[in-house]
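Comments concern the structure below.
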Amino acid sequence: MLLIKLGGSVITDKKIYKRFREDVVKKIAKSLPKNDILIVHGGGSFGHIIAHEYRITEGFEEEKRIGFARIGADMMELNLKILNILIDNSIPAVSLAPHSFHIMGEEVDLSLFEKYLSMGMVPVTYGDVILDKNQGINICSGDYLMLHLAKKFRPEKTIFLTDVDGIYDRDPKKEVARLIPFLPREHDVETSIRVKDVTGGMEYKIRIMREIAEHGRVYVLNGFHPERIRKVLNDEDFIGTVVE
Ligand code: ADP
């Protein structure tokens, strides 16, 4: 099985509210297998901008209700755009919205994913607003879902697509950086902790990747070069990072 995350930085322009990269997603969809695949996507500018504005990760306050609702709706809009592209490419994609199946702080119930997979369908879930057992509301990030899905379904390969070539020794958008082609699990790589988004930035991502890598291979690839997905699937040489 393949588990893949379409990062928010790839599928949207993170700086412009609700700017969807349709052409990029269309190209990615062509490179994906049609079954035995689980798909997660990020929120990018459909989620993070308003999530910041309303400080969703800091918990419930009455005046945040409308922001919570708006993000929920915007994410469904993004999800639907992606679903339609996947279906147009003969991928039987079925949406599973985190706000309808999970409460943060409780056990993640993935039984629906299991059922759909057993029927040859392709579950698609995403970073979302969510109820939280302790603080009322929160954000459930795509990366967090990747970890839970990987733990349950043990995919042979897990791919994270972002807008850069892989994991670098520092933020490649801010400094001259070196791509790390092979990231051993226990290696204490110095990563930028200055990059922060509402779901924790690159440091958190790497922690999750390392945990997933305990059970299978994890790849970080540039989503703007979807031919690299095919190379990974065919065990050919590719540009990117392997977390092993
Ligand atoms: P997504 O939302 O697509 O999952 P993020 O935007 O959260 O991804 O993370 C990808 C971004 O992380 C890249 O655009 C890059 O600028 C930044 N980044 C910061 N530090 C690093 C690093 N050490 N290696 C790779 N990318 C990094």
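Because the structure is predicted, anything quoted here is derived from the model rather than measured. For ligands, and for the atoms within them, numbers begin at 1 and follow the listed sequence.
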Q) Should you measure from each heavy atom of Ile167, which atoms of ligand 1 turn up under 4.0 Å away? A) 24 (N), 25 (C)
Q. So, Phe60 versus Phe68, ring centres under 6.0 angstrom or not?
A. no
Q. Would you say Gly223 contacts ligand 1, with heavy atoms under 4.0 Å as the rule?
A. no
Q. Are side-chain heavy atoms of Lys157 and Tyr219 found at a separation under 4.5 Å?
A. yes
**Q.** Asp171: numbered ligand 1 atoms lying under 4.0 Å from its heavy atoms
**A.** 15 (C), 16 (O), 17 (C), 18 (N), 19 (C), 20 (N), 21 (C)
Q. Which of the atoms in ligand 1, numbered in the order shown and given with their element, are less than 4.0 Å from a heavy-atom of Ser9?
A. 1 (P), 2 (O), 3 (O), 6 (O), 8 (O)
Q | Interfacing atoms of ligand 1 (cut-off 4.0 Å, heavy-atom, Lys173) | A | 14 (O), 16 (O)
Q: State whether the number of non-hydrogen atoms from other residues, nucleotides or ligands found under 6.0 Å of Lys27 atom NZ is greater than 12.
A: no
(Q) With a 4.0 Å cut-off on heavy atoms, is Pro172 in contact with ligand 1? (A) yes
Q. Does any donor atom in the side chain of Asp109 or Ser111 lie under 3.5 Å from an acceptor atom in the other side chain?
A. yes
Q: Assess His48 for proximity to ligand 1: is some non-hydrogen atom of it under 4.0 Å away?
A: no
Q. Should we count NZ of Lys115 as having more than 12 external heavy atoms under 6.0 Å?
A. no
Q.
Looking only at distances, can you tell me whether any N or O atom of Lys14, backbone or side chain, sits closer than 3.5 Å to an N or O atom of ligand 1?
A. yes
Q: Answer with yes or no after comparing the ring centroid distance for Tyr204 and Tyr144 against a 6.0 Å cut-off, counting only values under it.
A: no
(Q) So for atom OH, which belongs to Tyr116, do other residues, nucleotides or ligands contribute more than 12 heavy atoms lying within a distance under 6.0 Å? (A) no
Q. Going by distance only, is there an N or O of Asp169 that falls short of 3.5 Å from an N or O of ligand 1?
A. no
**Q.** side chain to side chain donor-acceptor pair (under 3.5 Å) partner of Asn138, the single match among Asp128, Thr57, Asp132
**A.** Asp132
Q) Of the backbone atoms (N, CA, C, O) and the side-chain heavy atoms from C-beta on, which set of Val164 has a member under 4.0 Å from an atom of ligand 1: side chain, backbone, both, or neither? A) side chain
Q) What atoms of ligand 1 come closer than 4.0 angstrom to any heavy atom of Asp163? A) 13 (C), 14 (O)
Q.
Under 4.0 Å, counting heavy atoms only: does Lys5 come that close to any atom of ligand 1?
A. yes
Q. Considering Lys205, Arg178, Glu203, which one's heavy-atom position lies nearest to atom 9 (O) of ligand 1?
A. Lys205
Q.
Strictly distance-based, threshold 3.5 Å: is any side-chain N or O of Lys64 a donor or acceptor partner for the main-chain N or O of Arg55?
A. yes
